[in-house]
Protein chains: 2
Amino acid sequence: MTEAGSAPEKRKRGAKKSPPRFSREQADVRRSMLIEAATRCLSVGGIGAFTIDRICREAGVSRGLINHHFESLDGLLVEVYKSSLYASVNNQIAEAKRRRAEASDWPPEASLAALVRSNFSPDYFSRENLLIWLSLWGEIAVNPRLQAAHRELYDAYRAELAEDIAAVAIPRLRQVDAPSLARNFIALVDGLWLEWCLDESVVTPQAAEAAGFEMLEAQVGPLRDG
Amino acid sequence: MTEAGSAPEKRKRGAKKSPPRFSREQADVRRSMLIEAATRCLSVGGIGAFTIDRICREAGVSRGLINHHFESLDGLLVEVYKSSLYASVNNQIAEAKRRRAEASDWPPEASLAALVRSNFSPDYFSRENLLIWLSLWGEIAVNPRLQAAHRELYDAYRAELAEDIAAVAIPRLRQVDAPSLARNFIALVDGLWLEWCLDESVVTPQAAEAAGFEMLEAQVGPLRDG
DNA sequence: GGTCTTGTTGTACGAACGTTCAACAAGACC
DNA sequence: GGTCTTGTTGAACGTTCGTACAACAAGACC
């Protein structure tokens with residue numbers, strides 16, 4: 001502590017004054033920083049890297065800060081789930097609802113196609129994103145709090161997808177079990193994500209998207225052309 | 001240690017002699033016991049329960065035994081993968097190969113249908129089995145040794161499935177991309193397993209099997225009837 | 001009964017874990 | 001410059017982790 005330090009540009013007049021040892025942040029800002037650092041740890045090293053030490057080092061803060069801003073490490077994990085997965089899926093749901101409401105701009109086929117494509121867009125279908133999902137899946141099966149959040153989220157997504165499917169099938173007079181098809185489609189997407197995550201050479205994002213469309217088109221007819 | 005103990009029936013003549021404190025097992029027998037105990041830990045508590053203490057307690061042996069019979073805890077994890085997943089999938093592959101060889105008893109349709117059904121039979125489609133997969137998936141993405149074993153296994157399974165698909169499609173003069181269909185089918189199965197594992201109310205084994213058949217039948221025609 | 005092999009035990013060890021909390025200091029306010 | 005609020009630090013704690021290893025004993029053999 002007697003050294004001059006490595007970032008002395010901040011000191012203004014008194015030559016004796018050492019630069020600040022840390023910067024204060026608003027509580028919610030710091031929380032976000034910690035959640036992002038924790039997410040990064042998860043995407044790199046899986047659930048085994050989700051520890052106080054590594055997250056704080058990744059965030060560049062001291063060890064005590066997580067328990068100051070979150071009830072526990074487990075609480076932070078739930079927040080990571082909410083901010084990283086919950087938020088992105090809910091975003092997809094909201095956009096789908098908006099499209100379905102704007103019936104003039106978005107015919108049912110285009111709305112459903114857009115929802116399908118969003119699943120395979122680089123925003124979601126990325127390796128780092130998938131590692132987060134994979135890590136959390138293993139925890140959801142064991143952690144009741146995560147399990148509750150997961151079920152709520154997937155129920156909502158399945159319901160929205162089923163509505164989009166029905167909106168296409170009904171005008172075409174097709175007999176389709178929309179809820180089941182929605183569930184099977186989500187399973188296929190998750191499965192393809194999984195395959196890609198464990199072995200990139202097996203499937204490309206393009207092939208995965210094609211597989212998704214094929215499953216739906218087998219029941220409701222063409223979605224991509226026209 | 002001065003107590004009489006709870007299982008004194010073993011002592012034969014000398015009333016002073018205390019019963020054996022442990023029983024010796026052949027190395028491979030003890031290894032199997034440890035692998036099974038480790039698998040049980042995994043299926044109950046996920047990867048977080050995969051520790052020396054818990055596995056040894058589950059197996060009813062002392063803490064030192066794992067490092068005596070395995071190079072490390074990580075080595076035991078690889079053995080769990082091989083014995084629990086590798087073995088069961090390889091078993092499916094072997095049976096499929098056998099069926100395909102016995103062309104007189106097993107027409108291609110029946111052979112493929114049997115392979116599909118085996119994926120959803122209670123032997124594999126059980127909650128404890130799925131938790132093991134789920135736990136290991138999260139590790140495969142991070143552990144190079146597991147990753148290598150996984151790719152080899154899945155490549156073999158995909159290849160076998162593609163051959164079974166082609167054996168049905170070719171006589172029917174159907175243009176089918178068998179490798180891609182095999183990959184998509186496996187993705188669907190894994191995805192349905194995942195959904196069921198995280199929320200049992202979403203899908204039943206019967207519905208999952210139906211979804212698997214539907215995907216294949218959309219491309220190669222009927223498999224189940226006749 | 002004595003000896004030998006080797007599977008098994010249980011302690012010891014250092015590292016890493018999550019949590020707690022008294023002390024500290026950055027930055028706003030006066 | 002002084003005061004106050006509160007975000008932040010870092011040491012300390014007890015626990016659990018994986019590994020190593022000397023001591024032990026079960027069971028085969030003679």
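Numbered from 1 within each chain, the chains take letters A, B, ... in sequence-line order.
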Length of the line joining A:R21:CZ and C:dG27:C1', which is rounded to integer Å: 15 Å
Taking the side chain as everything from C-beta on, heavy atoms only, tell me whether B:I165 gets closer than 4.5 Å to B:F185. no
Encode nucleotides 18-23 of chain D as B, S and - characters from 5' to 3', where the letter depends on protein heavy atoms closer than 4.0 Å: B to the base, S only to sugar-phosphate, - to neither. BB----
Counting only heavy atoms and a strict 4.0 angstrom limit, can you tell me which residues of residues 22-36 of chain A come near DNA chain C? A:F22, A:R24
Taking atom P of C:dT19 as reference, at what distance in whole Å does atom CG of A:L77 sit? 12 Å
Could you give me the CA-CA distance, side-chain angles and deciding distance for B:R31 and B:D28, then say whether salt bridge (charged side-chain N to carboxylate O under 4.0 Å, His left out) is met? CA-CA 5 Å; B:R31 279 174 59 94; B:D28 56 343; over 6 Å; no
Keeping to residues at least two apart or across chains, list the salt bridge (Lys or Arg N to Asp or Glu O under 4.0 Å) pairs with something in residues 180-189 of chain A. none
Establish, yes or no, whether a centroid distance under 6.0 Å links the rings of B:W133 and B:W193. yes
By side chain to side chain contact (heavy atoms under 4.5 Å, CB included) - contacts of B:E71 (at least two apart): B:R145
Length of the line joining A:F70:CZ and C:dT20:P, which is rounded to integer Å: 15 Å
Just N and O in the side chain of A:H68: are any of them under 4.0 Å from OP1 or OP2 of D:dT6? no
Less than 6.0 angstrom separating the ring centers of A:F125 and A:W196, yes or no? yes
Check whether any side-chain heavy atom of A:I55 sits under 4.5 Å from a side-chain heavy atom of A:L76, and report yes or no. yes
How about A:R98 and A:E95: do any of their side-chain heavy atoms sit closer than 4.5 Å? yes
So what does the secondary structure string of DNA chain D come out as, 5' to 3', with Watson-Crick or wobble pairs under 3.5 angstrom, [ ] for crossing and | for pairs with another strand? ||||||||||||||||||||||||||||||
Under a 4.5 Å cut-off applied to non-hydrogen side-chain atoms, are B:V202 and A:R151 in contact? no
Reported CG-to-SG distance for the pair B:N129 and B:C197, which is rounded to 0.5 angstrom: 9.5 Å
Determine whether more than 12 heavy atoms belonging to other residues, nucleotides or ligands lie under 6.0 Å from atom CD of B:Q26. no
How many whole angstroms separate atom CZ of B:R57 from atom C1' of C:dT8? 19 Å
Neighbour count >12 (heavy atoms, 6.0 Å) for atom CD, A:E25: yes
How many Å lie between CG on A:L65 and C1' on D:dG10, as a whole number? 12 Å
Would you say that A:N91 contacts A:Y124 through its side chain, given a criterion of any heavy-atom pair below 4.5 Å between the two side chains? yes
Of the residues in residues 141-149 of chain B, which ones touch DNA chain C at a heavy-atom distance under 4.0 Å? none
